[in-house]
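Written out below as structure tokens is the structure these notes cover.
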Amino acid sequence: MQYQMSVLYKTIFRTLLLASTLVIAQQVQAQAVSALGRLEPENGVLHLGVSSSSHAISGSIIAELLVNEGDWVETGQLLATTDSTAMMRASALKAEAELELARRAAEAASSQADEACTLADVAASEAGRRSNLLEKKLASTEEAEQAQGEAQAKAASCTAAQANARVAESTIKVAQARIVIDEIEIERSMVHAPVAGQVLEIHTRPGEMAGAHSVLDLGRTDHMFAIAEVYETDIRYVQTGQRATISSAALDNDLGGTVKYIRQKIHKQDEIGTDPAARKDARIIEVEIELENSTPAAGLTNLQVDVVIHP
């Protein structure tokens, strides 16, 4: 009887322990998370620059700027050109002229090879005829040997001419490759939009050097996100698909959103609130929240916001 009571007590204890664990787990899952954050376009702000080249190792000077701040651009649209663009276009024209010269040289080399090989065929036929006459004792040995030597020389000339023709053909391929390189360099000397978006800020104007600094910033402001900086100790309460509320004094109304992605790296906190007792050296994980309506936030990139992620 005593043994049965002991087993019963143990069973009851385990049941209560399991129930309390489930309650705690439910409380953990049901906890809301508050965090500071900022508004960003989808994939962040793109800082568009100019590639270095053999003509502009330290950077290029902006020659023409084709957009203004606030303009919407399409993927691949030309945004700016540099002083290297005109130089590379001139180099491309030179490469095209060299290609035409190579083609004509190849035609001449091919004609010379045809001529040399035709003469070699004639010389070979003459050598054969002299050899037949020698067998019939109608020609001298000296004449036959001379004809044979001339045929061999003409054959060698044919081989050399054919080799020169192949070299000329290779020169055409080199010239064609040069044109391709110049076309790539022309594209590198200009700034194109990698994605459709809005010009947020222009950093380099015509006449200014576009070195290590970007020419302009571009962002998809028609698809805005809030980046919440969640304390590392609170990230366990956050899951993709959760609803979130974004608020700021700069917004007329609160914005709704959905947690789309939890980034995989821990950072130091960037957004610092006004609370003097706040943890200034806190470590956070950034959580991407897609806004339901991007219109109110379209012109507020990098705005500091308050974020509440609901359970």
(request) Indicate the atoms forming the closest heavy-atom contact of Ser60 with Thr82, along with that distance. (result) CB-CB, 3.6 Å
(message) Quick check: closest heavy atoms across Ala168 and Ala106, and the distance to 0.1 Å?
(response) CB-CA, 3.5 Å
(request) Measure the CZ-CG distance between Arg236 and Asp234 for me, rounded to the nearest 0.5 Å. (result) 7.5 Å
(message) Within the structure provided, determine whether Arg220 and Asn43 are in side-chain contact (heavy-atom separation under 4.5 Å).
(response) no
(request) Measure the spacing between CD of Glu169 and CG of Asn164 and express it to the nearest 0.5 Å. (result) 12.5 Å
(message) List the residues meeting salt bridge (charged side-chain N to carboxylate O under 4.0 Å, His left out) with Arg104, not counting sequence neighbours, and say none if there are none.
(response) Glu100
(request) Look at Glu286 together with Lys265 and state whether they make a salt bridge at an N to O cut-off of under 4.0 Å. (result) no
(message) Give me each pair satisfying side chain to side chain donor-acceptor pair (under 3.5 Å) with a member in residues 67-77, each pair once, sequence neighbours excluded.
(response) none
(request) Give a yes or no answer on whether the side chain of Thr118 reaches the backbone of Asp114 with a donor-acceptor pair at less than 3.5 Å. (result) yes
(request) Would you indicate whether the side-chain heavy atoms of Ile289 and Ile309 approach each other to under 4.5 Å? (result) yes
(request) Output the distance between atom CZ (Arg38) and atom OG1 (Thr301), rounded to the nearest 0.5 Å. (result) 11.0 Å
(request) Identify, with sequence neighbours excluded, every residue that meets side-chain hydrogen bond (donor to acceptor under 3.5 Å, both in side chains) alongside Ser170. (result) none
(request) Spell out, as yes or no, whether a donor-acceptor pair under 3.5 Å connects the side chain of Gln162 to the backbone of Thr159. (result) no
(request) Please determine if Arg188 and Glu185 form a salt bridge, counting it only when a charged side-chain N lies under 4.0 Å from a carboxylate O. (result) yes
(message) Assigning hydrophobic clusters by single linkage (Ile, Leu, Val, Met, Phe, Trp, Tyr; side-chain heavy-atom cutoff under 4.5 Å), is Ile186 placed with Ile179?
(response) no
(message) Using a 3.5 Å distance criterion without hydrogens, assess whether the side chain of Asp83 forms a donor-acceptor pair with backbone atoms of Ile61.
(response) yes
(request) Answer with yes or no whether the hydrophobic clustering places Val238 together with Val308; edges join I, L, V, M, F, W, Y residues whose side-chain heavy atoms lie under 4.5 Å apart. (result) no
(message) Less than 4.5 Å apart, side chain to side chain, heavy atoms only: is that true for Val215 and Leu48?
(response) no
(message) If we count only N and O atoms by modelled type, under 3.5 Å, do the side chains of Ser189 and Ser84 hold a donor and an acceptor together?
(response) no
(message) Just verifying a value: how many Å separate Leu303 CG and Leu251 CG, rounded to the nearest 0.5 Å?
(response) 6.0 Å
(message) Closer than 4.0 angstrom, basic N to acidic O: yes or no for Glu98 and Arg178?
(response) no
(message) Please give me the minimum heavy-atom distance between Ala116 and Ser157, naming the atom from each residue.
(response) CB-O, 3.9 Å
(request) Flag the pair Met88 / Glu183 as yes when at least one side-chain heavy-atom distance between them is below 4.5 Å, and no otherwise. (result) no
(request) Determine whether Val307 and Leu36 make a side-chain contact, defined as any pair of heavy atoms from C-beta on separated by less than 4.5 Å. (result) no
(message) Please tell me whether Ser294 and Asp222 have a donor and an acceptor in their side chains that are separated by less than 3.5 angstrom.
(response) no
(message) Tell me whether Tyr237 shares a hydrophobic cluster with Ile266, the cluster being built from Ile, Leu, Val, Met, Phe, Trp, Tyr side chains joined at under 4.5 Å.
(response) yes
(message) Between Val287 and Ile227, is there a side-chain heavy-atom distance shorter than 4.5 Å?
(response) no
If you look only at distance, which donor and acceptor atoms sit under 3.5 Å apart when one is on a side chain in residues 194-204 and the other is two or more places apart or in another chain?
from   : atom 1 : to     : atom 2 : distance (Å)
Gln198 : OE1    : Thr221 : OG1    : 2.6
Gln198 : NE2    : Gly70  : O      : 3.2
His203 : NE2    : Asp217 : OD1    : 3.2
His203 : NE2    : Asp217 : OD2    : 2.9
Thr204 : OG1    : Ser214 : O      : 3.2

(message) Just to verify, what does Glu290 make a salt bridge (charged side-chain N to carboxylate O under 4.0 Å, His left out) with, not counting sequence neighbours?
(response) Lys260
(message) Is there a side chain to side chain contact (heavy atoms under 4.5 Å, CB included) between Leu66 and Leu79? Walk through the geometry before answering.
(response) CA-CA 5 Å; Leu66 305 176; Leu79 308 180; 5.8 Å; no
(request) Taking all heavy atoms of Tyr261 and all of Gln264, pick out the closest pair and write down the distance. (result) OH-CG, 3.6 Å
(request) Could you tell me the separation between the CD atom of Glu292 and the CE atom of Met224, rounded to the nearest 0.5 Å? (result) 15.0 Å
(request) Kindly compute the distance separating CG (Leu39) from CD1 (Ile246), expressed to the nearest 0.5 Å. (result) 8.0 Å
(request) Return each pair, listed once, that meets side chain to side chain donor-acceptor pair (under 3.5 Å) where at least one residue sits in residues 245-258; pairs must be two or more places apart or across chains. (result) Arg243-Thr258, Thr245-His310
(request) Quick one: do His267 and Arg283 satisfy side chain to side chain contact (heavy atoms under 4.5 Å, CB included)? Show the steps, please. (result) CA-CA 6 Å; His267 302 272; Arg283 297 177 65 81; over 6 Å; no
(request) Check whether any side-chain N or O of Glu208 sits under 3.5 Å from a backbone N or O of Arg205 as a donor-acceptor pair, and report yes or no. (result) yes
(request) Look at the side-chain heavy atoms of Ile, Leu, Val, Met, Phe, Trp and Tyr, link any pair under 4.5 Å apart, and say whether Val45 and Leu291 land in one connected group. (result) no
(request) Determine yes or no for a side-chain-to-main-chain donor-acceptor pair under 3.5 angstrom, with Ser111 supplying the side chain and Glu107 the backbone. (result) yes
(message) Check Glu96 with Lys94, please: is the shortest side-chain N to carboxylate O separation under 4.0 Å?
(response) no
(request) Before giving the answer on side chain to side chain contact (heavy atoms under 4.5 Å, CB included), spell out for Val230 and Ile284 the whole-Å C-alpha distance, their side-chain angles and the decisive distance to 0.1 Å. (result) CA-CA 5 Å; Val230 178; Ile284 54 88; 5.9 Å; no
(request) Check step by step if side chain to side chain contact (heavy atoms under 4.5 Å, CB included) holds for Ile262 and Ile235. (result) CA-CA 9 Å; Ile262 301 173; Ile235 197 64; 3.9 Å; yes
(message) Under 4.5 Å between side-chain heavy atoms, counting indirect links through other Ile/Leu/Val/Met/Phe/Trp/Tyr residues: same cluster for Ile184 and Val174 or not?
(response) no
(message) I want to check something: taking the side chain as every heavy atom from C-beta on, are Arg103 and Gln176 in contact at a cut-off of under 4.5 Å?
(response) yes
